[in-house]
Number of protein chains: 2
Amino acid sequence: MTPAAQIDDVYAMKRKSPPKKSLTRKAASRAASIDADILPTLLGYNIRRAQIVLWRDFARTVADGEIRPGMFSAIALVKANPGIAQVELSTELAIDKASMVGLIDRLEDAGWIVRTRSQEDRRRQGLTLTPAGEKMYRTLKREMLEHEQKFAALYSESERKQLVTLLRRLHDAQP
Amino acid sequence: MTPAAQIDDVYAMKRKSPPKKSLTRKAASRAASIDADILPTLLGYNIRRAQIVLWRDFARTVADGEIRPGMFSAIALVKANPGIAQVELSTELAIDKASMVGLIDRLEDAGWIVRTRSQEDRRRQGLTLTPAGEKMYRTLKREMLEHEQKFAALYSESERKQLVTLLRRLHDAQP
DNA sequence: TATTGTTATACTCTATAACTATA
DNA sequence: TATAGTTATAGAGTATAACAATA
C-alpha cells in the first residue's frame with residue numbers, strides 16, 4: 001500500500017461524496033463548509049507530510065533502517081568538523097544538549113564516534129569519527145545521495161534550488 | 001537563546017575558522033573538504049529543520065502546547081468529515097492505524113471527539129466532534145492561522161503558493 | 001480471506017529539571 | 001555565575017506483530 005499516493009484521491013472522493021456514515025445528523029449538516037480544505041493549504045501541514053515521506057524513504061534507503069536522519073546529520077557534522085563539541089552540535093542541529101547525549105551514546109556504542117575530553121577546556125567533549133565511523137560515513141553518504149536523488153528528480157534544478165531557498169528562509173526565521 | 005537564528009552564523013564561523021580543538025590531527029587534516037557543506041544543500045535536511053521550527057512555534061502558539069500538529073490535523077479532518085472512520089484518518093494523515101488509536105484515545109479523553117460504532121458496518125468507529133470539540137476547534141483554528149501567518153509573512157503570495165506546490169509534489173511522490 | 005480496530009511492545013525524538021565538573 | 005555534559009523523567013510519535021470482531 002502507498003498511503004501518500006492516495007491522499008489527493010481521498011480529498012477528491014471526499015469532495016465529491018461526503019461520508020454517509022455520519023451518526024450525528026447535526027454535526028454532518030454543520031460541516032462541508034470551508035473547513036474541508038484548510039489543511040492542504042497550510043505550510044505546516046505540507047511540510048509535515050513531506051517530512052514523513054522523506055523520513056520513511058530515508059529509513060528504507062539508508063543503512064537498512066539502522067540510522068535515522070538525526071544520526072546521519074550528527075555524523076556528517078562531526079566528519080566536517082572533527083573535534084566539535086556536543087553543545088555546538090546541539091546548536092547546529094537545533095536540538096537540546098540533553099537530547100544530544102543519547103544520540104552520541106548510540107553513535108559511540110556503535111563504534112563510529114569517540115568522545116575525547118578537551119585539554120584546553122576540560123568541560124568539553126571533542127567528537128571525532130573512528131576509522132569505522134569514517135568508513136560508515138562513506139557508505140551512508142552514498143545511500144543518502146541516492147535517497148536525495150529520488151526526490152530531487154521530482155524537480156528541475158531551478159525548482160530544487162528555489163525549494164531549498166524558501167525552506168531556509170523558514171528555518172532561519174525566529175518568529 | 002534562539003538556536004535556529006544562529007545556524008548560518010555558525011556555518012560562517014566554521015568556514016572562516018575551522019575548530020582548533022580537534023584531538024586527532026589525522027582526522028582534522030582529512031576534513032574541511034566538500035563534506036562541510038553537504039547538509040545545507042539537502043532537501044531532507046532543510047525540510048527537517050523547517051519542520052522543527054514550525055513544530056516549536058506551533059507548541060508555543062496553539063492550545064498552550066497541549067495540542068500537537070498531529071492532533072490538530074485529526075480534529076480538523078473530523079470537523080471536515082464527520083463520521084469519518086479511523087482507518088480513513090490514518091490513510092489521510094499517512095500514519096499507521098495502530099498509531100491512530102492512541103491519538104483518538106487522547107482526543108476522546110479530552111472530551112472533544114466521540115467514537116460511535118457504525119450500524120451499516122459494525123467494524124467501523126465513526127468519529128465526530130462533541131460540542132466541546134467544536135468549540136475547541138474554533139479556538140484552535142484561530143491560533144493555528146495566527147501561527148501560519150507568522151511564517152506565511154516570510155513570503156510573497158506567489159512564493160508561498162510555489163512552496164506549497166513544490167512540497168505537495170514531494171509528499172505525493174511514491175519513490 | 002480481508003478489513004477495522006485494538007492491545008502489547010519497543011524505539012526514537014524531544015523537552016525540562018536537577019545535578020557534576022569545570023571555567 | 002555561567003557553561004558543558006550528564007542523568008532522570010516524561011510524553012509524543014511511530015512501527016510491527018498478533019488478536020477479535022465483522023464483512
Side-chain angles (χ1 to χ4, degrees), chain A residues 1 3 21 48-49 51-60 62-63 65-74 83-110 113 115-127, chain B residues 1 3-4 19 21 48-49 51-60 62-63 65-74 83-110 113 115-127:
Chain A
M1 230 195 307
K21 317 256 182 209
R48 190 156 151 278
R49 292 292 310 276
Q51 157 82 345
I52 291 173
V53 170
L54 285 165
W55 185 275
R56 283 187 190 146
D57 186 74
F58 187 100
R60 245 180 288 132
V62 181
E66 293 298 303
I67 295 274
R68 242 42 64 85
M71 294 174 82
F72 176 82
S73 298
I84 191 172
Q86 286 181 205
V87 69
E88 289 166 350
L89 218 50
S90 303
T91 306
E92 191 79 12
L93 298 174
I95 65 173
D96 193 84
K97 67 195 166 99
S99 308
M100 184 56 68
V101 175
L103 208 170
I104 301 297
D105 281 349
R106 265 171 277 140
L107 296 176
E108 201 173 38
D109 289 349
I113 274 188
R115 289 167 159 111
T116 318
R117 207 101 231 172
S118 163
Q119 292 310 307
E120 292 95 333
D121 180 345
R122 295 190 42 72
R123 290 172 305 181
R124 299 178 138 244
Q125 296 271 46
L127 302 174
Chain B
M1 229 195 309
K21 315 258 181 208
R48 191 157 151 276
R49 293 293 310 275
Q51 156 83 343
I52 291 173
V53 169
L54 286 165
W55 185 275
R56 283 187 190 146
D57 186 73
F58 186 101
R60 245 180 286 134
V62 182
E66 293 299 305
I67 295 274
R68 243 41 67 83
M71 294 173 82
F72 175 83
S73 298
I84 190 172
Q86 287 181 203
V87 70
E88 290 166 350
L89 218 50
S90 303
T91 305
E92 190 79 11
L93 298 175
I95 67 176
D96 193 86
K97 68 194 163 98
S99 308
M100 184 56 68
V101 175
L103 208 170
I104 301 298
D105 282 349
R106 265 171 275 139
L107 296 176
E108 201 173 38
D109 290 348
I113 273 187
R115 289 168 159 111
T116 317
R117 206 101 231 174
S118 162
Q119 293 308 308
E120 292 95 335
D121 180 344
R122 294 189 44 70
R123 290 172 305 179
R124 299 179 137 243
Q125 295 273 43
L127 303 173

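Reminder, nothing fancy here: chain letters follow the sequence lines and each chain counts from 1. Side chains included, hydrogens not; waters and symmetry mates left out as well; all remaining heavy atoms used.
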Working to the nearest 0.5 angstrom, can you tell me the gap between [X] [atom1] and [Y] [atom2]?
X	Y	atom1	atom2	answer
L107(A)	M71(A)	CG	CE	4.5 Å
W55(B)	R48(B)	CH2	CZ	13.0 Å
I104(B)	Q125(B)	CD1	CD	10.0 Å
I52(B)	D57(B)	CD1	CG	14.0 Å

From [atom1] of [X] over to [atom2] of [N], roughly how many Å is that when rounded to an integer?
X	N	atom1	atom2	answer
M71(A)	dC11(C)	CE	C1'	12 Å
I52(A)	dA12(D)	CD1	C1'	13 Å
R68(B)	dT14(C)	CZ	P	13 Å
F58(A)	dC13(C)	CZ	P	10 Å
W55(A)	dC11(C)	CH2	P	16 Å
R56(A)	dG13(D)	CZ	P	14 Å
F72(A)	dT12(C)	CZ	P	18 Å
I95(B)	dG5(C)	CD1	P	13 Å

Checklist entry - Tell me, which pairs form a side-chain hydrogen bond (donor to acceptor under 3.5 Å, both in side chains) where one or both residues lie in residues 98-108 of chain B, sequence neighbours left out? => result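 For residues 98-108 of chain B: D105(B)-R115(B), E108(B)-R115(B).
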Next on the checklist: For L89(A) and L103(A): C-alpha separation, side-chain torsions, deciding distance, then whether side-chain contact (heavy atoms from CB on, under 4.5 Å) applies.
Outcome noted: CA-CA 11 Å; L89(A) 218 50; L103(A) 208 170; over 6 Å; no
Checklist entry - R124(A) side chain to R117(A) main-chain N or O, any donor-acceptor pair under 3.5 Å? => result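 Between the backbone of R117(A) and the side chain of R124(A) there is no qualifying donor-acceptor contact (under 3.5 Å).
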Next on the checklist: Looking at E66(B) and A63(B), would you say the former's side chain and the latter's main chain have a donor-acceptor pair under 3.5 Å?
Outcome noted: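 No; judged by distance alone, with no hydrogens or angles, the pair does not exist.
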Provide a list of protein-nucleic acid N or O atom pairs under 3.5 angstrom, restricted to nucleotides 21-23 of chain C.
| residue | atom | partner | partner atom | Å |
| --- | --- | --- | --- | --- |
| dA23(C) | OP1 | R122(A) | N | 3.1 |

Item to check | Nearest to side-chain heavy atoms of R124(A), which nucleotide of dA12(D), dA4(D), dT4(C) | outcome: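 Closest nucleotide among those given: dA4(D).
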Item to check | Side chain of Q125(B) (C-beta onward), nearest among dT6(D), dG5(C), dG13(D) | outcome: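 Among dT6(D), dG5(C), dG13(D), the one nearest the side chain of Q125(B) is dG5(C).
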Checklist entry - With sequence neighbours left out, what residues match R122(B) under side-chain hydrogen bond (donor to acceptor under 3.5 Å, both in side chains)? => result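 Counting only residues at least two positions away or on another chain, R122(B) forms no side-chain hydrogen bond (donor to acceptor under 3.5 Å, both in side chains).
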Next on the checklist: Between R60(B) and dA15(C), is there a contact of a side-chain N or O with OP1 or OP2 at under 4.0 Å?
Outcome noted: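 Answer is no, no contact under 4.0 Å.
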Next on the checklist: Near DNA chain C, counting only heavy atoms under 4.0 Å, which residues of residues 96-106 of chain A show up?
Outcome noted: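 Contacting residues: D96(A), A98(A), S99(A), R106(A).
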